[in-house]
Amino acid sequence: MWNQMRWINPYAIAVLSVFAATVLTQLLYPLLASVSFTLFYAAIAITAWVGGAKPGLFTVFLSLLVSDYFFLHPDHSLAITGQDDLARLSLIAFVSLLINYFISELRGARFQIQQLSDRRLQESEEQLRLALQAAHMGLWNWNLVTGEITWTPEHEQLLGMAPGTFDGRYETFDARLHPDDREGLNRAVQIAIQGHSIYKHEYRIIWADGSIHWVEGRGQTFYDGTGKPVWMTGTLMNVDDRKQLELALKQSEQQFRAIFEAEPECVKVVTADGILHNMNPAGLAMIEADSLEQMQGQCVCPLIEPEHRRAFLEFTQQVAQGETGTLEFEITGLKGTRRWLESHAVPLQSPDNANLLVLAVTRDITDRKQAEEALRLSEERYRSLVEATTDSVWLTDAQGNVLKTASLWTNLTGQLLDQNSEWDYLKSIHPDDRDRMIQAYTHCLATGDPYEIEYRVLSQSGECYWLAAKAVPVYNLDGSIREWIGTFNNVTERRTAETMLLQSKLELEQRVIERTAELQQTNNLLNNFFNAASSAGIGLCIHDQNLRFVQINEALAVIDGHSVADHLGKTITELLPELAPLVNPLHEQVLTTGQPIIDLEITTELPSQPGVTRYWLTSYFPILSSDSDAQTVGVGVIVTEISDRKQAENALRVSQTRLAGILDNANDAIISVDSDQRITLFNQGAEKIFGYVAEEVMGQPLTLLLPTRFTTIHPSHVEQFRESGHQARRMGERAEVYGRRKDGTEFPAEASISKLDLNGEQTITAFLRDVTQRKQSEAASAQLANIVESSDEAIISKTLEGIVISWNASAERLFGYSAEEMIGYPITKIVPAERLEEEVRILERLKQGERINHHETVRQRKDGTLIEIATTISPIRDASGKAIGASKIAHDITEQRAVERMKAEFISIVSHELRTPLTSISGALELLSTGLIQPESDRGQEAIEIAATEADRLTRLVNDILDLERLESGKIRLDRQPWDLAQLMSRAVDFMQLTANQMNITLLVEPLSVILDIDGDRILQVLTNLLSNAVKFSPNHSTIGLTAEIYREHHILITVRDQGRGIPANKLESIFERFQQVDASDSRKKGGTGLGLAICRSIVQQHGGAIWAESVLEQGSRFHFTLPLTIDA
Amino acid sequence: MPKRILLIDDEDGARRIIQFSLEAAAGWEVLTAASGIEGLSLAQAEPLDAILLDVMMPDLDGPATFQRLQENPVTRSLPVIMLTAKASPTEHQPLLELGIAGIITKPFKIPALIAQVRAILNWQD
């Protein structure tokens, strides 16, 4: 209420309040005991409160006047009569003044408080504004009823607007919104208004300069009593930095995610307890999970094979405690596939920092494991194969100690061989045969010769058996003997038979000798016996003490190649001299010792058929006299041919050795097929190469192993081979051989094929080698060689001694030497004598492993010419990084150097041509300006003229240089238009007419009217230049011709003829080069710059034409140029 | 006696201007020749103190003219200064190796030209 009263004049209040007090006091006067001035005090108080001290004083004054006039004696007079009236009035005045004073003080205090509070408000508003400014935060108010919007200057700045420029319209704001964010913002505002919620939204603003900024708006809606939204107010903040950070984080996350997703190995994160946190797709494929969710949060242990679980968990826990490590274990995937895995794991800090996690990269090593397993199986199979082959196979080490006992041995001798006891088996060998056996086996062990012997063994019950033992060495890769593999054969029966036979013969013979004299008829019996033996193929003969044949049967005689009669009475030396050295000692031995020699195998050539080697089993036994002293009187000989047996044994031995070799060499595939081309043998090499196990393919058709495109043709090739006379053949000599693996992939192979008849069944065996890698490296190497060979750079390699190792085609071209002439020879062949030192230095640097970059030097070609080359030489290193040679790449820089020299020369000429006129101009001006010569003098005039002429020349020169530069650098485009050549020819002649007239030269022009697509100004320039040259170098009173004609169908030939002094033949071409005038000094005098013809040539060439000159000295020159009749756009 | 100098230069303008300069500023007497051949005969016939010889001239160029001057006992002892518009030291070196007294590069200021001639020939003012 007081506030409203403040607007009323305080003096009016003073008057009104005094008036009111007077009236009221008058009215109430009768009711009051005495005159009361209370109401006047009230009036003073009101006035002082409203108007302050001055109006208060005014009220006091009015109140005193009124009181005196109306209420003090005398009434209606201002005069004061009584003492007490004066005292009353004074009291009233005093009280009134007090009231006025206090009320106005009170009012002042109130006013100050108000002011203070106002200032505080203002200050806090200012602070808020500064805070908003500092935070880049704008404030906005939106009157939802009128649509009017107000923004703080910060808000305007956030929208890229100058403070104070916002017009308060929503459309202005809307225009700044990013189009993609407009809808979202509107929706957010609507939701906030309708839902009575706080509005908060991030969106983009496009500034007037096109830059895009992220902002975050927040706001609140105010509603009227009916709940209608009337007002919205809020803040706006720039969030560019945060958005950029978010974007960068998102990109980084995406990158890591991409690496994680694309990693071909399994990458997983698990806890120390094996709970899966994360796993990439490669890993999910490995465990056969369809999605991460299928396994996430679960323990991976159930996937791990039970025997590996413990190790896996221990490993995981160790890694979780900060160690790193590698573990191999086996799993069964969710779909049942078993795999061997190898995990490399490292500890990983978990996001909450609480526990260490385990990050593992896991690789599928099933193939490797399978290969190891296959190798183990192969070894086992090999052993069982050997074991199963025969019960008579035995093995010893290289020292002859038993590794494996033949079961035959154990069966016969009952001895269980002790592998730790040296040559334990000797115990069971017959004491008489031991030394022989030791000697024979010791010899074989030392030499590696095949071991072959027959000896007796004794059973524990004392029975005696004959064993034929044979063995061959098995070699290590380094050629040393690893072990001996051998066989036993029980030959007891044969031996018994032989001995029995021998004994019976012995007895018989002895009886015969004893009773020769008296039992003549018995002799016949013996003869019969001899003959019977003969018919059984057994040779028999008897020698006397002097080794003469006493008796011999037909069989042996045939062997010896002599008749029975021829033998009798002759010695072996006489009859069979070549046999004598072998058998005579045996006879002597028997005669001397009286002991028989039984079953000696001898190998001789057949006496009757020299060159044919046969094997014999021979026994020599003593023939005792019939006397009781039993003296040896002769030697009986039994000869049995055992060639067949020997050959069979040899063949068996060879075959066994070969088989052992094949089995050892399991890298090649060995595949046999029967006559139906079904597989009957499939070794481990084949398993490895084809990926099948033998069980899968045995009995299957061979085509299973062939690429489908060969399945028809290949079997017919096999059939052809089967029917051919060849036993073996290398395949792939004419065409590549390919195999097909189990997984369908093809591979190139090298193969050979052989056939074998076994018991009437024909087997074809193929040996295959996978040559994929060789082919690849051959191809890579061929490609490299091709690159080197086809390189434009000379590529040479040499040893550190400087001997050339390789020399490519470019090197041949560059240096003139062929590869044959260089390879194996010192590189110094191409080094000029004076640079030999340099080559030594280069080799020194290469030996240090240094590389020599862009070394420019000079080398000598085969024809002796020197060439400048740039070369880069790098050391070639061996696997250990040691330099063992050098490769050198070189190219010819002779031409490059020539171009550089020409360029320098050209710059020098241009510089000279520019400096020469400058010398004259600056000199002339200096002479004139310094007053050394007077302008008016003759010399002064001459100097001025020289300066002008030279300035002119300089201008032309600079123009020509610039013109030529622009033409040659293509900075000037031809402005092609259809032009009538006749018109250009006439204009060119018109230009030159004046000069020609001065020299009395006749210009004859024969215009040819033809429309050409040319740059008319430029062609006119060429014509003018050629005519100008002609005029310059023509004598007075001569004629110059300008003609044009059709030339070679599609061209126009334009010719300028003069009768001048001509051009020397050696200059006819060079005059079109820059600054190559025939006579520079003379030409300059005539105003030439030395560039005119170069410009002409450039213009003509750009038109697709040619320009040349012909000349006869002292008779004249002809300049020709051609222009195409139709020029392609 | 003023110094007598022979100037051999095929460039008409330059020849005249150099002649004017030397005569007006140094007070020397300057004989001129427009070619090496003409210069050789003048050098043979006239008493001279020095020769200024342009390098680039048609037919008989500066070095060739100098060679002829050296071959002639009459002119052998004459100091020869070559004038060249080529500014590069690499282009100067072969000329200096001929045994000439010095080289002056075009263009030049007249006082500098005179001072250079004096310095090269060790002439006092």
Side-chain angles (χ1 to χ4, degrees), chain A residues 900-901 904-935 937-954 957 1064 1067 1075-1088 1090, chain B residues 7-28 30 32-39 52 54-62 65 82-95 103-116:
Chain A
E900 279 165 16
R901 276 194 290 274
E905 202 178 315
F906 175 68
I907 289 169
S908 166
I909 292 175
V910 170
S911 145
H912 175 269
E913 292 295 310
L914 290 170
R915 283 164 180 273
T916 302
L918 271 175
T919 309
S920 305
I921 295 167
S922 80
L925 294 177
E926 204 180 353
L927 282 170
L928 293 163
S929 66
T930 53
L932 282 172
I933 53 174
Q934 294 307 311
S937 69
D938 287 348
R939 285 199 162 185
Q941 287 300 307
E942 193 181 336
I944 290 167
E945 204 169 298
I946 289 170
T949 311
E950 293 297 331
D952 219 356
R953 173 176 154 197
L954 195 57
L957 186 63
K1067 298 256 185 172
F1075 300 117
Q1076 295 293 329
Q1077 305 97 316
V1078 176
D1079 180 343
S1081 149
D1082 183 33
S1083 138
R1084 273 203 293 279
K1085 281 190 196 109
K1086 296 175 190 296
Chain B
L7 169 64
I8 310 172
D9 194 337
D10 66 317
E11 288 283 342
D12 295 348
R15 192 174 64 243
R16 291 293 279 166
I17 294 298
I18 296 168
Q19 183 192 2
F20 294 173
S21 306
L22 295 179
E23 287 181 347
W28 299 331
V30 179
T32 62
S35 72
I37 300 289
E38 198 188 336
L52 292 183
D54 187 33
V55 174
M56 274 186 78
M57 291 192 292
D59 301 322
L60 206 61
D61 66 4
T65 308
M82 284 203 182
L83 300 175
T84 178
K86 295 189 173 178
S88 135
T90 55
E91 289 166 317
H92 288 181
Q93 195 53 39
L95 299 173
I103 291 180
I104 293 173
T105 310
K106 298 176 185 177
F108 35 68
K109 289 280 177 193
I110 294 165
L113 169 68
I114 292 163
Q116 265 180 294

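The figures here come from the full heavy-atom set of this structure, side chains too, leaving out hydrogens, waters and symmetry mates. Chain letters run A, B, ... following the sequence lines, proteins first, then strands; residues in each count from 1.
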- prompt: Looking at A/T930, A/L918, A/L927, which makes the most heavy-atom pairs under 4.5 Å with chain B?
  reply: A/L927
- prompt: Does a side-chain heavy-atom distance below 4.5 Å link A/I933 with A/L928?
  reply: yes
Engaged part of B/T84 at the chain A interface, taking heavy atoms whose separation is under 4.5 Å: neither
- prompt: Can you tell me if A/S920 uses its side chain to pair, donor with acceptor, with the backbone of B/A14 under 3.5 Å?
  reply: yes
- prompt: Checking A/S911 against chain B: side chain, backbone, both or neither under 4.5 Å from a heavy atom?
  reply: both
Qualifying residues under side-chain contact (heavy atoms from CB on, under 4.5 Å), relative to A/A947, sequence neighbours excluded: A/A924
- request: Could you tell me whether the side chain of B/D61 reaches within less than 4.5 Å of the side chain of B/V55, counting heavy atoms only?
  value: no
